[in-house]
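Reading through the structure tokens given below for one structure.
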Amino acid sequence: MKLKELTINNFMPYKGEQKIVFPQHETQNVMLLFGDNMRGKTSFLNAIRWGFYGNAVGRHLREIPRTNLVNMDAAAMGDWSLSIGLKFSNDGNEYELRRQINKKLHVSSPKNDSDFEEHIGLQVNGEIVPGDTVVNEINQVIPEEISRFFLFDGELLQEYENLLIENSEQGEKIKEHIEQALGVPALVHGRDELAILLKDARRIQAKDAKKNKELSTYAEQQRQLEIKLTSYEKDLRDQIAQKNDVQNQIDLIDDELKNTEAVQRKKILLEGLKGEREVTERNLVDLADQKRQLLKTAWKDVLHTSALPILSQLKEERSNLQQAMKNSAILEEKIKNLSKILDFPTCTTCHQDIPTSQLALIRTDYETFKAQAELSVINLEDLTKLTDKIDKLGQIQSADEGSRVHDTIKKEMKQQVQLIRIETQLEELHEEIREYDTDHIMRQREKRDRLTGLKSRLSQEIEQIKQKIEKNENEQGHIATLISKNKGAQGQKSTVRVNLYQELEQVFAKGIDKLRDSLRERVQQHASNAFAELTTEKTYSGLEINHNYGLSIIDHENRVLKERSAGAEQVVALSLIDGLNRTARKSGPIVMDTPLGRLDPKHRSNVLGYLPKMAEQVVLLVHEGEIDPKQDMVNFAHRIGARYQIVRISATESRIEKV
């Protein structure tokens, strides 16, 4: 299938009618649409999607309301009409599709989708297709379930990273889309239909068995199991519905929070600064208390300098006095000993009399010492007074209060400067977020956290119910087998049907597994071939696929590469897209929004060289930061068939002009 022409009228930023012609040349099959962010690249993608399928999607693949699709300026002027025209070809047939909406006559200002009426028309080779077969005719050419793989943006590429995460909910959803594109649901629906038929057959078999005394017990067990199964299935539906509702709430909050990410960051910064302010204010109070305490004893620091020499002198005097007292005591001891010798002139060692000549010398020493003792009389009161003075002056001790007061004042000044800085930042942030309800934003964040917890609990409960259902169905199958083996049940229509449906269900189950294995192998092969041309690292041996269709890089020694860069993730995602397109039941033109955002120059060169080979038609919606018109164009200039530029008219209007 090839796109030939797109006509846009009042769709999102595209006011009025605008026409784009797609390249038809076999080799010059690339169209470039340049546009800055927020100018309408994604809206262009949605215009094609809405034209084919009547829905445009925003974040989380949620449908955009019709009131948001109509150009704001046109709506303000009272023009609520919107239309998309698509001309395309397929298998030699020419198609012309037109889809439009208008507000209903009795509605003055539409508020919801029901305020519009939609018209769709399709011509094939000039013949009008009946209205009730238009959707079927479109899906014959390009089924909606595979549109995900030819109409996709940069965000979608990032989603494919989830395929590598085991038991990833997002990965499971993407896997479902992939298998829809590859045709797996045809067999899955067949198996599900057989499961319904099998359930009915077992019910009838149980009724028949109830008439047989030997089998009545089995029949009652089967009836009880069926009642439980019905209850489990209802619980499962309720839990899934509740989980989907919770997910929708999370998605809505995510959209709201995404639009206020800058405000959230500033609010978090604001709360952090408030905390800093509280700490700073407490520090200032503590420093003021410290300063007051230091000032109470700061007088000691002043007197200490003056008192120190006096105290030193008094201590020296006391030391001298104490030494004198010690000397006096020694002198008194000598006098006492000499006095004993003079009174009893006998040697204490040999008990002989001391000669008169020696006694004369001893007497002289005695008189000398006694004279010295009389001259060195010490008053104990003087020592007591000195000690008292020393004790009093010793109380004037400095803990370096002056220096500590100085340090405290310096710390106070720093904290005051810090407080002024914080107050200034707080004032600026308050002004920046003044128009936003930041408390509501933070409440939404808290609500999202609660909802995420609830969603996790619901997921666990759903898994538990599924396990109960599986166990119940196994038990029903076992009882049905026991009934079938009974002679009284053999040959009955209900038993024949049960046996037939069980065998067919097994055939379909094996067929699904075999088909999945075959498809994964083909996707892996095609993706590996693409990866070999896209990557700049030529030593890799290829890609390996998992049950989710996630692709891992295999190195030259057949080991899985554990860590991958953002650029490598994007190259792998592009390889997967190529593998899916080549394996899918139908293929279409690739319209890719922002495909090169995370690639280095070398990988960008490889990707641009390979993209034209991925489909008969490739439309790249890019900004100049992704493709340098002077350097990157060289890589595939010969493949370019058309170039357009999105020109900004105003914040709510853009025009597409051919370059």
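- Between K243 and Q239, the closest side-chain pair of non-hydrogen atoms is not below 4.5 Å.
- Although no hydrogens or angles enter the test, the distance criterion places a donor-acceptor pair under 3.5 Å between the side chain of T133 and the main chain of P130.
- Of the possible donor and acceptor atoms, one in the side chain of R49 sits under 3.5 Å from a partner among the backbone N and O of L151.
- Between the side chains of Q24 and K4, no donor-acceptor pair of N or O atoms lies under 3.5 Å.
- Judged by distance alone, with hydrogens and angles left aside, the side-chain atoms of N71 form a donor-acceptor pair with the main-chain N or O of T652 at under 3.5 Å.
- Note: F150 and F52 have perpendicular aromatic rings, judged against thresholds of 30 and 60 degrees for the angle between ring planes.
- Side-chain N/O atoms of R522 and S518 include no donor and acceptor closer than 3.5 Å.
- Between the Q249 side chain and the L451 main chain, no donor and acceptor come within less than 3.5 Å of each other.
- A donor-acceptor contact shorter than 3.5 Å links the side chain of N606 to the backbone of L534.
- Defined by atom type and a distance below 3.5 Å, a donor-acceptor pair is missing between the side-chain atoms of Y53 and N139.
- Using modelled atom types and a 3.5 Å distance limit, the side chains of Y549 and E179 yield a donor-acceptor pair.
- Of the possible donor and acceptor atoms, none in the side chain of R98 sits under 3.5 Å from a partner among the backbone N and O of G85.
- A donor-acceptor distance shorter than 3.5 angstrom exists from the side chain of N581 to the backbone of I577, with no hydrogens or angles considered.
- Judged purely by distance below 3.5 Å, without hydrogens or angles, the side chains of N90 and Q140 never pair a donor atom with an acceptor atom.
- Listed here is the closest heavy atom pair of Y14 and I646: OH-CD1, 3.5 Å.
- When atom types are taken as modelled, the side chain of D555 and the backbone of Y540 share no donor-acceptor pair closer than 3.5 angstrom.
- Counting only distance, with no hydrogens or angles, the side chain of S528 and the backbone of L543 share a donor-acceptor pair below 3.5 Å.
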Practice problem: Any chance you could lay out the side-chain contact (heavy atoms from CB on, under 4.5 Å) test for Q645 and I656, step after step, and finish with the verdict? | Solution: CA-CA 6 Å; Q645 177 82 35; I656 299 176; over 6 Å; no
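- A distance of 13.5 Å separates CD1 in I142 from CD in E137, rounded to the nearest 0.5 Å.
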Practice problem: Apply side-chain contact (heavy atoms from CB on, under 4.5 Å) to L86 and E5, showing your working. | Solution: CA-CA 6 Å; L86 280 163; E5 187 176 286; over 6 Å; no
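- Note that CZ of R582 is 11.5 Å distant from CG of L580, once rounded to the nearest 0.5 Å.
- Counting only distance, with no hydrogens or angles, the side chain of N29 and the backbone of E616 share a donor-acceptor pair below 3.5 Å.
- Using a 4.0 Å cut-off between a side-chain N of Lys or Arg and a carboxylate O of Asp or Glu, K613 and E533 qualify as a salt bridge.
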